[in-house]
Structure formats: C-alpha cells, structure tokens
Amino acid sequence: DAGVIQSPRHEVTEMGQEVTLRCKPISGHNSLFWYRQTMMRGLELLIYFNNNVPIDDSGMPEDRFSAKMPNASFSTLKIQPSEPRDSAVYFCASSLPLYEQYFGPGTRLTVT
Amino acid sequence: SQQGEEDPQALSIQEGENATMNCSYKTSINNLQWYRQNSGRGLVHLILIRSNEREKHSGRLRVTLDTSKKSSSLLITASRAADTASYFCATASGGSYIPTFGRGTSLIVHP
C-alpha cells in the first residue's frame, strides 16, 4: 500500500488566493482527519470524516476553511481567501475506528 | 478536549543511552498512543495502550500506563542516532476514539 497520499507537498501562494490541498487515504480506512501543525499551536485537528460524512468540524478556524470528501478515496481542504497566518504544515491522516492513525507526508503551505 | 502534556520538552542524549519521555493527562482515557515524527515528515504510530493495560513492548520501545497517576512513559532503550525525532502522546477519552495530541518531546541522539 502506498500509504496516505497528499498533494501538493509544498505550496507557496499570495494572500487572497484560493488554496486547495488534496488527500487520498489508505484503501479500506473509513475515517479521515485533517490536521494543521505550527510551532505556536502544535498539532490541531481541523475536521474529521467517518464514511465520507463530516463528523466534527469544530476545529476549522473560520469560514475561510472548508473540507469535502466526495468519495472514500479522496478529500480536499480548501482555504479561500488565504492569509499569511494560514502558513503551516497541513496533514491528512486515515484510520479504521478505534485503531491508530496513518499520516500523510504533509503539505507545507506558505502564504505571503 | 483534553490534551496530553509531554515532559521534557527537549531531551539530548548519547547513542546507546536510554531515553525516557513522560505524558500526563487530566481526565480518564480510553487509550493512549505514542507517535514519532521525523523532521519534515508525517507522524508515525508507535504503540497504543488501552486503559486496562499497564505495559506494552515493541522492539526497543516500552510504554507504561499508570491510570491512578494519569501518566504514561515511553522508554527507548539503547538509543540510536536514527531515533532523533519528536515524540507525541495522544489521548482518547470519553465517548470519543479521536486522539488529541500533546506538544511533543524533541529527542536528539548524538552519535
């Protein structure tokens, strides 16, 4: 198995632009998680899906952030419009319920 | 949601020495997990210990859980330079199986 796949690995964009991060979970995993990691705040859970349905999005910072999971093998995290404070590493992880999470390599986002 | 707190924040040792990291939490848990993160990479799961377990081993890793003290420890024996990484504990509590991560311990093993 290729593991959790994220794209792009690096993204540099200007303030105000739309950013879309993509994730392909491990086949057979029915839980998917989006995290954001910064030095200041550590690892924060943004949203998680179970069987493609968003269960808890209380970690999403504000309305500029949205996430979708149209099918079991694909999810997106969108930021529109992006701001410099959104600069961080964004991780996607997948798991089976009650089991450990498998993390992707992350997307390093820089908003200038 | 509760968050485990790792201690120390940073640890520097020589290759061959043992490394011990601790995690404390505030409320009852369903399970506690330890993850490793190498620089520039995603987190990798190491061990999951359930609330009714007291100790688990995996290779050079030993995890203990003391629910009366609400704490866990991760011991890495005979450390190697390749063990250099950040180590996170993650706790799941209440009716949720979703783990909440601490801020991590940064371990440096000098060759």
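By convention in this document, chain letters (A, B, ...) are assigned in the order of the sequence lines, proteins followed by strands, and residues within each chain are numbered from 1. All values below come from the heavy atoms of this structure, side chains included, with hydrogens, waters and symmetry mates left out.
- Annotation: A:Y90, atom OH; neighbour count of heavy atoms from other residues, nucleotides and ligands within 6.0 Å is above 12.
- Residues A:Q37 and B:F88 come closest through the heavy atom pair NE2-CZ, 3.8 Å.
- Only the side chain of A:S31 comes within less than 4.5 Å of a heavy atom in chain B; its backbone stays farther off.
- Under the 4.5 Å side-chain heavy-atom criterion for grouping Ile, Leu, Val, Met, Phe, Trp and Tyr, B:I98 is not connected to A:L77 through any hydrophobic cluster.
- By the rule that hydrophobic residues join a cluster once side-chain heavy atoms approach within less than 4.5 Å of another member, B:I47 and B:L32 end up as members of one cluster.
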task: Apply the test side chain to side chain contact (heavy atoms under 4.5 Å, CB included) to residues B:Y35 and A:Q101: give CA-CA distance (whole Å), side-chain angles for both, the deciding distance (0.1 Å), then the verdict.
output: CA-CA 9 Å; B:Y35 287 78; A:Q101 295 184 357; 3.6 Å; yes
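- Only the backbone of B:R41 comes within contact range of chain A, with at least one heavy atom under 4.5 Å from a heavy atom of that chain.
- Other residues, nucleotides and ligands contribute more than 12 heavy atoms inside 6.0 Å of the CD atom of B:E55.
- Note: the hydrophobic cluster containing B:V63 also contains B:L107 (ILVMFWY, side chain heavy atoms under 4.5 Å, direct or indirect links).
- Within the 4.5 angstrom heavy-atom criterion, only side-chain atoms of B:L48, from C-beta onward, approach chain A.
- Once rounded to the nearest 0.5 Å, the distance linking CD of A:E100 with CG of B:N31 reads 10.0 Å.
- Surrounding CD of A:E62 are more than 12 heavy atoms belonging to other residues, nucleotides or ligands, all under 6.0 Å away.
- For chain B, the nearby part of A:F33 is the side chain; its heavy atoms alone come within less than 4.5 Å.
- The number of heavy atoms from other shown groups lying within 6.0 Å of CZ (B:R60) is above 12.
- Residues of residues 39-57 of chain A lying under 4.5 angstrom from chain B, judged on non-hydrogen atoms, are A:M39, A:M40, A:R41, A:G42, A:L43, A:L45, A:Y48, A:N50 by number.
- Atom CG of A:D63 has 12 or fewer heavy atoms from other residues, nucleotides or ligands within 6.0 Å.
- Cluster annotation: A:Y35 and A:M60 are assigned to distinct hydrophobic clusters (Ile/Leu/Val/Met/Phe/Trp/Tyr, side-chain heavy-atom contacts under 4.5 Å, transitive).
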